[in-house]
Amino acid sequence: MDNVTHTTPRVSRPSYDRGEVRVGIAHFGVGGFHRAHQAMYLDRLLDQGVAAEWGICGIGVMPADRRMAEVMAAQDGLYTLLLVHPDGHREARVIGSIIDYRHAPDDPESVIELLANPATRIISLTITEGGYQLDALPEVNVFSLVTDALARRRDRGIDSPTIVSCDNIEDNGEVARHAFTSHAEHRHPGLGEWISSNTRFPNSMVDRITPATTSDVIATVHTEFGIDDRWPVVAEPFESWVLEDSFSAGRPPYERAGVLMVDDVTPYELMKLRLLNAGHQALCYFGYLAGYRLVHDAAADPLFAEFLLAYMDSEASPTLLPVPGIDLFDYKRTLIERFANPGVRDTITRLCFGSSDRIPKWLLPVIRENLKTGAPVRRSAAVVASWARYAEGVDEQGRPIDVQDALADSLVPLARSQHEHPTAFIENTTLFGDLADAPRFVDDYLWALDSLHRVGARATLEVLQS
């Protein structure tokens with residue numbers, strides 16, 4: 001798309017010849033985060049004159065991905081990354097590292113052959129926390145495409161690629177390993193053993209707040225930078241990627257782009273999931289019930305900021321491992337500043353989306369760890385209660401809440417029944433395991449739920465912080 005290429009001098013753009021870049025990475029789940037994160041790092045390497053054999057081919061498998069396919073085709077894979085700083089100034093970069101895009105349902109065979117091609121040496125994923133559920137998969141899905149391709153590689157004597165999960169899941173590499181080997185064994189008996197012997201699944205930690213693209217973002221890119229971009233992506237200036245240095249068939253020199261390559265991602269992963277991701281959950285339900293709709297407004301409220309810091313200091317931090325090179329005190333306070341960045345304009349609704357995938361992976365491990373060690377769970381239990389209150393589908397003014405969750409059909413009735421049966425929500429063992437049998441957690445949860453019903457979110461936080 002000419003208008004994305006021919007930009008104003010204020011816009012940074014690729015200095016490399018995209019015609020010389022070849023596909024070496026196939027990525028499933030080309031949404032805002034991938035384009036603001038992994039694709040940005042590779043674009044940075046390409047601008048340094050390295051990694052030309054590591055261009056990205058994006059792959060979509062969902063019906064909603066068809067729009068991305070259309071935009072990528074119209075714009076030759078180019079898009080604008082807009083960074084918004086807390087002081088209000090903005091900077092734009094045209095990213096060129098995605099050189100191909102395919103919508104798998106249109107031509108699954110071409111995708112399988114791309115994945116089976118020896119030039120494709122990394123398959124990466126941002127398919128969300130719920131994307132690793134192997135039940136009720138569509139006919140064309142990530143796991144069938146990849147395992148069919150791996151079967152061809154095995155049969156043709158081609159080395160296995162590395163599979164890199166970039167999703168917000170603890171031990172995401174191990175989760176991906178289990179999902180792919182299980183699916184492979186079901187689909188191609190014997191392939192699971194080949195994958196176990198030949199395929200690397202490095203763990204990773206990814207971090208950059210990336211809200212959904214709105215019409216305001218599109219308008220800003222046009223009016224301020226002169227770019228007609230149908231789907232730009234907006235993000236905060238902060239970025240982080242910690243990646244286990246374990247690859248089957250080589251990798252780009254990621255360290256030259258600012259990626260931290262390590263032997264063990266676990267400390268960084270726990271830090272991010274239990275502070276940033278769980279912190280978002282600690283903010284969003286209380287924030288929504290209190291009337292906030294934008295994340296930065298809630299995070300700038302001293303009561304909410306104090307609650308978040310208290311959760312992180314007293315409950316999340318005791319469950320973390322030492323994190324080499326990170327000042328945790330500074331990291332936690334920087335998180336509050338990042339949440340309060342008014343330029344990002346992230347929505348509370350986005351943070352509330354898909355809670356049944358998020359809370360069990362990000363917050364419940366904190367609760368379980370602290371129950372074992374005797375550490376407090378009062379604020380964590382209150383966050384769970386705020387989710388349960390939010391899931392009733394009615395706010396404190398009696399207005400309907402659109403509970404967007406894969407399990408909403410079962411969770412909303414459970415939440416609404418808790419006026420008569422207060423532990424109904426946490427008795428869902430699929431989500432909460434045996435936590436409804438943990439007296440210390442249940443006591444704190446019931447107090448918070450009762451307080452939310454009696455006096456509301458803000459007054460409940462005031463008591464928690466007293």
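Residues: numbered from 1 along the sequence shown.
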- Task: Apply salt bridge (charged side-chain N to carboxylate O under 4.0 Å, His left out) to Arg153 and Asp159, showing your working.
- Result: CA-CA 7 Å; Arg153 293 177 83 119; Asp159 290 342; over 6 Å; no

- Message: Less than 3.5 Å apart, any donor N or O on the side chain of Ser317 or Lys332 sitting next to an acceptor on the other?
- Response: yes

- Polar side chain donor-acceptor pair, Asp65 to His103, under 3.5 angstrom: no

- Query: Do the side chains of Thr162 and Thr199 get nearer than 4.5 Å, heavy atoms only?
  - Reply: no

- Item | Test item: Ile426 and Val384 side chains (from C-beta on) under 4.5 Å apart, heavy atoms | yes

- Does a side chain donor of either Glu20 or Tyr16 reach within less than 3.5 Å of an acceptor in the other side chain? no

- Look up atom OG in Ser356 and atom CG in Asp405, then write down how far apart they are to the nearest 0.5 Å. 3.5 Å

- May I have the step-by-step check of side-chain contact (heavy atoms from CB on, under 4.5 Å) for Val383 and Arg379, ending in yes or no? CA-CA 6 Å; Val383 175; Arg379 291 178 177 85; 5.7 Å; no

- Task: Write down the atom of Gly279, the atom of Leu308, and the distance for their closest heavy-atom approach.
- Result: O-CD2, 3.2 Å

- Chi angles and distances behind the salt bridge (charged side-chain N to carboxylate O under 4.0 Å, His left out) call for Asp148, Arg152: CA-CA 7 Å; Asp148 284 358; Arg152 293 185 189 184; over 6 Å; no

- Closest heavy-atom contact between Ala74 and Arg230? CB-NH1, 3.3 Å

- Taking C-beta and beyond as the side chain, do Arg102 and Cys57 meet within less than 4.5 Å on heavy atoms? yes

- Item | Criterion side-chain hydrogen bond (donor to acceptor under 3.5 Å, both in side chains) against Tyr132, the qualifying member of Asn172, Asp357, Asp167 | Asp167

- State whether the number of non-hydrogen atoms from other residues, nucleotides or ligands found under 6.0 Å of Glu139 atom CD is greater than 12. no

- Message: Are Trp231 and Tyr79 an aromatic pair, judged by ring center distance below 6.0 Å?
- Response: no

- Query: When you look at Met62 and Val140, which way does the side-chain contact (heavy atoms from CB on, under 4.5 Å) test go after all the steps?
  - Reply: CA-CA 9 Å; Met62 306 298 290; Val140 177; over 6 Å; no

Going by atom type alone, with no hydrogens or angles, which donor-acceptor pairs under 3.5 Å involve a side-chain atom of residues 320-331 and a protein atom two or more places apart or on another chain?
residue	atom	partner	partner atom	Å
Asp327	OD1	Phe329	N	3.1
Asp327	OD1	Asp330	N	3.1
Tyr331	OH	Asp207	OD2	3.3

- Tell me, do His296 and Arg345 make a side-chain contact under 4.5 Å, heavy atoms counted? yes

- For residues Ser248 and Arg200, is any side-chain donor paired with an opposing acceptor at under 3.5 Å? no

- Item | Ser15 side, atom OG; Leu46 side, atom CG - distance, nearest 0.5 Å | 9.0 Å

- At their closest point, which heavy atom of Pro237 faces which heavy atom of Leu83, and how far apart are they? CA-CD1, 4.5 Å

- Task: Could you tell me whether the side chain of Leu81 reaches within less than 4.5 Å of the side chain of Glu91, counting heavy atoms only?
- Result: no

- Query: Going through the distances and angles, do Ser97 and Val21 end up as a side-chain contact (heavy atoms from CB on, under 4.5 Å)?
  - Reply: CA-CA 8 Å; Ser97 54; Val21 180; over 6 Å; no

- With rounding to the nearest 0.5 Å, note down the distance linking OG1 in Thr147 to CD1 in Ile195. 7.0 Å

- Message: Between Phe225 and Arg10, is there a side-chain heavy-atom distance shorter than 4.5 Å?
- Response: yes

- Message: Is it true that Tyr285 and Ser355 share a donor-acceptor pair across their side chains at a distance under 3.5 Å?
- Response: yes

- Task: Indicate yes or no: does Arg274 engage Glu369 in a salt bridge with an N to O separation below 4.0 Å.
- Result: no

- Task: Taking atom types as modelled, find out whether Thr266 and Asp264 have a side-chain donor-acceptor pair closer than 3.5 angstrom.
- Result: yes

- Message: Less than 4.5 Å apart, side chain to side chain, heavy atoms only: is that true for Phe28 and Ser124?
- Response: no

- When rounded to the nearest 0.5 Å, the distance separating CG of Asp229 from OG1 of Thr213 is 8.5 Å

- Query: Got a salt bridge between Glu113 and Arg156, using NZ or NE/NH1/NH2 to carboxylate O under 4.0 Å?
  - Reply: yes

- Query: Are the charged groups of Glu224 and Arg90 less than 4.0 angstrom apart, N to O?
  - Reply: yes

- Task: For Val23 and Leu114, run side-chain contact (heavy atoms from CB on, under 4.5 Å): C-alpha distance rounded to whole Å, both residues' side-chain angles, the deciding distance at 0.1 Å, then the answer.
- Result: CA-CA 9 Å; Val23 171; Leu114 173 82; 4.1 Å; yes

- Query: Between Tyr288 and Arg293, is there a cation-pi geometry (under 6.0 Å to ring centre, at most 45° from the normal)?
  - Reply: yes

- Query: Would you call the rings of Tyr41 and Trp241 parallel, tilted or perpendicular, where under 30° means parallel and over 60° means perpendicular?
  - Reply: tilted

- Smallest separation among heavy atoms of Met312 and Ile336, with atom names: CE-CD1, 3.9 Å

- Calculate, to the nearest 0.5 Å, the distance between atoms NE2 and CG belonging to His183 and Leu150 respectively. 11.0 Å

- Task: Heavy atoms only: give me the nearest Leu191-Ala184 pair and the separation to one decimal.
- Result: CD2-CB, 3.7 Å

- Message: One pair to check against ring-ring contact (aromatic ring centres under 6.0 Å, His included): His280 and Phe339. What are the steps and the verdict?
- Response: CA-CA 8 Å; His280 267 158; Phe339 291 174; 4.4 Å; yes

- Looking just at side-chain N and O atoms, do Glu174 and Asn203 make a donor-acceptor pair shorter than 3.5 Å? no

- Task: Compare every heavy atom of Ile25 with every heavy atom of Pro252, then report the nearest pair and how far apart it is.
- Result: CG-CD1, 4.3 Å

- Query: In terms of heavy-atom contacts, does NE2 of His85 have more than 12 from other residues, nucleotides or ligands at under 6.0 Å?
  - Reply: yes

- Query: Does Glu170 use its side chain to pair, donor to acceptor, with the backbone of Glu269 at less than 3.5 Å?
  - Reply: no

- dist Met205:CE -> Glu244:CD (nearest 0.5 Å) comes out at 13.5 Å

- Reference residue Phe286; test ring pair (Phe, Tyr, Trp, His ring centres under 6.0 Å); the match among Phe304, Tyr311, Phe307: Phe307

- Message: With a 6.0 Å cut-off on the ring centroids, do Phe143 and Phe180 count as close?
- Response: yes

- Item | Arg93 backbone acceptor or donor facing Arg13 side chain under 3.5 Å | no

- Would you please say whether a donor-acceptor pair under 3.5 Å links the side chains of Asn168 and Lys361? no

- Item | Heavy-atom side-chain proximity of Leu45 to Pro253 below 4.5 angstrom | yes

- Message: Taking side chain to side chain contact (heavy atoms under 4.5 Å, CB included) as the definition, give me every residue that meets it alongside Ala381, ordered by chain and number, with sequence neighbours left out.
- Response: Phe441, Asp444, Tyr445

- salt bridge (charged side-chain N to carboxylate O under 4.0 Å, His left out) between Asp43 and Arg18, intermediate numbers included: CA-CA 10 Å; Asp43 176 78; Arg18 296 179 73 232; over 6 Å; no

- Message: Could you tell me if Thr126 and His27 have a donor-acceptor pair between their side chains, going purely by distance under 3.5 Å?
- Response: yes

